[in-house]
Amino acid sequence: MDIEKKIKGTIRKYNLINKKEKIIVALSGGKDSGVTAYILHKLGYDIEGIHINLGMGAYSRACMNVVEGLCKELGIGLHVYYAEKETKRKMIKIIRQNPSLSSCTICGVFKKWILNKKSRELKADKIVTGHHLDDELQTFFMNILKGAPKLSANFGPILKFKDKKFVVKVKPLFFIEEKEIEEYARKNKIDVVEETCPYRKETYRIEVRKFFKEVSLKQKKNMLKNFLRLSERINKTRNTKINYCEICGEPSRNKICKKCELIKI
Ligand code: AMP
Ligand code: ZN
């Protein structure tokens, strides 16, 4: 089955999005989110893009150019936000101030905070991301190895929280292998940023990725099913109470959200 049909099937099975909703696709400049936007547009969804410029010099400029080009080509609107302006801090400085944390973890916290806040302000019904099968398996596995299975409590193609300040996040590529996305991007000449972020420091993920390289697609799909079942069990043990951050007012599990914790120092 081709990738477009698989995505259609996932959208239908999990009721991810519908054509009446306001859908915002989080575009990084990479192949995964680029392919996601391209296919959703082809399937007739009325989408807009959102891009966060993380202020990582030439790399961020290249990402933004690619995203702007794609949105122009598809004829869709694009909302661009600058991490530095939104958080009043330079990302690079926060990364330097937190050497014990991986730069990708720090960036992830900021991206999530901005994406949720801005999509809500834009009155989006759903945020779509380009997370795919390999990403998801790696993250679940890493959380288990770190002894933090609760971080995988909301594993699955749709992420809903019982709180009006959270915008629902969906992952139409959840069951698609990275290889297939790469091929699709190449065949359809979707422009993507090839280089990786100069601040990327994900040694742990690189090791986990190596492990999954040896695993067949059939085995990976089985693991995905097992992880989905496991996540349901983890969910039942988790406190789902959401607070609002005492500093920024955004939803958080703790009194102060992760983004505010990071910039407090
Ligand atoms: P990553 O965490 O970098 O693997 O990205 C996962 C997904 O998050 C991507 O497929 C995008 O949908 C979204 N994303 C990552 N970086 C950005 C960004 N700078 N702006 C908007 N969305 C992003
Ligand atoms: Zn906060």
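All ligand and atom numbering here is 1-based and tracks the order in the structure.
No more than 12 heavy-atom neighbours from other residues, nucleotides or ligands sit within 6.0 angstrom of CD on Glu214. No more than 12 heavy atoms of other residues, nucleotides or ligands sit less than 6.0 Å from atom NZ of Lys112.
Of all protein heavy atoms, the one lying nearest to atom 11 (C) of ligand 1 is Ala26 O, 3.2 Å. In this structure, the protein non-hydrogen atom closest to atom 10 (O) of ligand 1 is Gly130 N, 3.0 Å. Looking only at heavy atoms of the protein, atom 7 (C) of ligand 1 is closest to His131 CE1, 3.7 Å. Closest to atom 19 (N) of ligand 1, if we only count protein heavy atoms, is Ile52 O, 2.9 Å. Nearest non-hydrogen protein atom to atom 2 (O) of ligand 1 is Lys111 NZ, 4.0 Å. With respect to atom 23 (C) of ligand 1, the closest heavy atom belonging to the protein is Ser28 CB, 3.8 Å. Nearest non-hydrogen protein atom to atom 21 (C) of ligand 1 is Leu27 O, 3.2 Å.
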Requested in this report: Before giving the answer on side chain to side chain contact (heavy atoms under 4.5 Å, CB included), spell out for Ile7 and Leu173 the whole-Å C-alpha distance, their side-chain angles and the decisive distance to 0.1 Å.
Outcome: CA-CA 6 Å; Ile7 290 178; Leu173 303 187; 3.2 Å; yes
Requested in this report: Please report the C-alpha distance between Glu232 and Arg229 in whole Å, then the side-chain angles of each, then the deciding distance to 0.1 Å, and finally whether the salt bridge (Lys or Arg N to Asp or Glu O under 4.0 Å) criterion is met.
Outcome: CA-CA 5 Å; Glu232 270 177 34; Arg229 238 178 283 133; over 6 Å; no
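Contact annotation for Ile50 and ligand 1: only backbone heavy atoms (N, CA, C, O) come within less than 4.0 Å of the ligand.
The angle that Cys260 SG and Cys248 SG make at the Zn ion (ligand 2), rounded to 10°, works out to 110°.
Each of the atoms 10 (O), 11 (C), 12 (O) of ligand 1 lies under 4.0 Å from some heavy atom of Ser33.
Note on Lys220 versus Asp134: salt bridge recorded, some NZ/NE/NH1/NH2 to OD/OE distance being below 4.0 Å. Between Glu207 and Lys210 there is a salt bridge, since a side-chain N of the basic residue sits under 4.0 Å from a carboxylate O of the acidic one.
Within a 4.0 Å radius of atom 16 (N) of ligand 1, the protein contributes at least one heavy atom.
When all heavy atoms are compared, the tightest approach of Leu133 to Phe175 is CD1-O, 3.6 Å.
Screening Lys258, Arg120, Lys259 for a salt bridge (Lys or Arg N to Asp or Glu O under 4.0 Å) involving Glu250 leaves a single residue, Arg120.
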